[in-house]
Amino acid sequence: MKCLIAGLLASVAAIAGGCNHLAYVHSAVVGVDVTVAPDSGTTRLSIGYDRETFAIVPRYTPQDENGNSLPAQAEAMSLVSVSNVDALGIQELIFNHVVVTGAAAKNIAKDPQGLKMMREAVFGPAAR
Amino acid sequence: MFIAGCSIDDQVLLAKVTWLENASGTGTAMAVESFGFHVSTFPIDRGLTVGVTRRVYFFPGEASSLQRDWRDFVAADHRLRPTDERPPPGAAPVAVLAASAALEVQAGSLGGAIRLGLGKQATLLLPSDGSTAVIIRCNDRGDSPSFALSEILP
């Protein structure tokens with residue numbers, strides 16, 4: 001049985017690729033949950049009830065005029081988001097997000113009215 | 001309603017699939033309800049589910065590549081309504097809302113997982129380049145979801 005589980009995990013880890021995406025994740029499980037992180041290969045086992053909510057913001061590596069990467073100047077990608085994740089155990093889930101990336105995010109971050117509109121889009125017109 | 005059967009992405013034998021689209025053409029969705037086997041080849045949740053599962057996959061629409069003004073985009077009504085239109089072949093979902101009572105083996109973009117029991121997962125996955133905006137509002141109360149993705153004028 002141990003060999004079967006180890007083999008399955010190895011296969012799953014091999015198939016899963018690395019993540020170079022912006023990600024918003026919610027997961028809730030009642031039972032047995034085994035997860036493998038693609039980059040680190042870290043394996044996690046949970047038995048019973050487990051819940052997690054997280055975001056992954058990838059790094060952006062700028063390039064010089066010759067197209068060479070400048071890892072010393074790497075920083076998180078430009079991003080503005082408003083999120084509302086409500087979870088009631090395993091029964092109910094609300095998953096609301098407004099996300100803006102890139103050059104548009106830089107402009108909206110300077111626009112109070114735009115930020116208010118984002119908040120209203122997630123929480124409704126009553127949001128302040 | 002669940003119907004016994006199996007499904008591979010939207011290719012179903014005896015499962016229920018519903019297609020949804022917003023009015024601006026910036027977002028579509030596919031809701032799959034299956035009992036038995038469900039195989040997903042989408043990068044976001046690639047894997048096999050054995051049991052009962054309900055998944056809603058959210059895709060960019062055919063108008064998502066057009067650049068829009070931010071305020072027009074965020075103020076628009078993006079509620080999804082039933083349609084016969086489908087995303088182009090090969091389109092990849094950027095979000096998925098899944099509820100399962102099943103054995104699941106997944107090897108998606110965010111890593112691998114083996115689950116046995118009741119599970120609920122929601123994932124939004126966006127490329128790290130571009131100037132993009134996404135609005136997603138969904139829940140498992142049965143309310144009509146809202147979804148839109150568009151390029152935004154810098």
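Computed over heavy atoms, backbone and side chain alike; hydrogens, waters and symmetry mates excluded. Here is how names work: the chains are called A, B, and so on, in the same order as the sequence lines, proteins then strands, and each is numbered from 1. Computed from a predicted model, the values in this text were never measured in an experiment.
In this structure, CG in A:Asn96 is found 7.5 Å from CG in B:Asn139, a value given to the nearest 0.5 Å. Note that CZ of B:Arg71 is 9.5 Å distant from CD1 of A:Ile108, once rounded to the nearest 0.5 Å. One finds the CG atom of B:Asp129 at 12.0 Å from the OG atom of A:Ser78 (value rounded to the nearest 0.5 Å). The structure places CG of B:Asp143 at 8.0 Å from CD1 of A:Ile94, a figure rounded to the nearest 0.5 Å. Separation of atoms CG (B:Leu116) and CD1 (A:Ile47) is listed at 10.5 Å; rounding is to 0.5 Å. Taken from OG1 in B:Thr123 to OH in A:Tyr24, the straight-line distance is 13.0 Å, to the nearest 0.5 Å.
Note on A:Met117 and A:Val82: same hydrophobic cluster, where clusters join Ile, Leu, Val, Met, Phe, Trp and Tyr whose side-chain heavy atoms are under 4.5 Å apart, directly or indirectly. Linking ILVMFWY residues whenever their side-chain heavy atoms come closer than 4.5 Å, directly or via other members, places A:Leu115 and A:Phe123 in the same cluster. The hydrophobic clustering, which links ILVMFWY residues whose side-chain heavy atoms are closer than 4.5 Å, places A:Val85 and B:Val94 together. Linking Ile, Leu, Val, Met, Phe, Trp and Tyr whenever their side-chain heavy atoms come within less than 4.5 Å leaves B:Leu118 and B:Val32 in two separate clusters. Tracing side-chain contacts under 4.5 Å through hydrophobic residues (I, L, V, M, F, W, Y), one reaches B:Ile136 starting from A:Val57; they form part of the same cluster.
No part of A:Glu52 comes within reach of chain B, as not one of its non-hydrogen atoms sits under 4.5 angstrom from that chain. The contact between B:Leu97 and chain A is made entirely by side chain atoms (from C-beta outward), counting heavy-atom distances below 4.5 Å. Only the side chain of A:Asn107 comes within contact range of chain B, with at least one heavy atom under 4.5 Å from a heavy atom of that chain. Residue A:Asp86 does not touch chain B at all, counting heavy-atom pairs closer than 4.5 Å. Both the backbone and the side chain of A:Ala28 come within contact range of chain B, judged by heavy atoms closer than 4.5 Å. Using a 4.5 Å cut-off between heavy atoms, B:Arg141 touches chain A through its side chain atoms alone.
When all heavy atoms of B:Lys120 and A:Leu93 are compared, the pair lying nearest together is CD-CB, 3.8 Å. Considering every non-hydrogen atom in both B:Ser131 and A:Ala103, the closest pair reads OG-N, 4.0 Å. Across all non-hydrogen atoms, the minimal contact from A:Met118 to B:Trp70 is CG-CZ2, 3.1 Å. Heavy atoms only, all atoms of each residue included: B:Asp140 and A:Glu92 are closest at OD1-CA, 3.6 Å. The two residues B:Pro127 and A:Met77 make their nearest non-hydrogen contact at O-CE, 4.5 Å.
Comparing A:Leu45, A:Val29, A:Val32 by how many heavy-atom pairs each has under 4.5 Å with chain B, the most go to A:Val32. When each of B:Cys138, B:Ala101, B:Gly119 is scored by its heavy-atom pairs under 4.5 Å with chain A, the top score falls to B:Cys138. No other option in B:Ser100, B:Ala133, B:Pro145 has as many heavy-atom pairs under 4.5 Å with chain A as B:Ala133. The most heavy-atom pairs under 4.5 Å with chain B, out of A:Lys106, A:His26, A:Arg44, come from A:His26.
The closest donor-acceptor contact from the side chain of B:Ser128 to the backbone of A:Pro58 lies at 3.5 Å or more, if one exists at all. Judged by distance alone, the side chain of B:Arg137 and the main-chain N or O of A:His97 form no donor-acceptor pair under 3.5 Å.
Residues of residues 72-82 of chain B lying under 4.5 angstrom from chain A, judged on non-hydrogen atoms, are B:Val74, B:Ala75 by number.
For the pairing with A:His21, the side chain to side chain contact (heavy atoms under 4.5 Å, CB included) check across B:Leu125, B:Leu110, B:Leu124 returns one residue only, B:Leu125.
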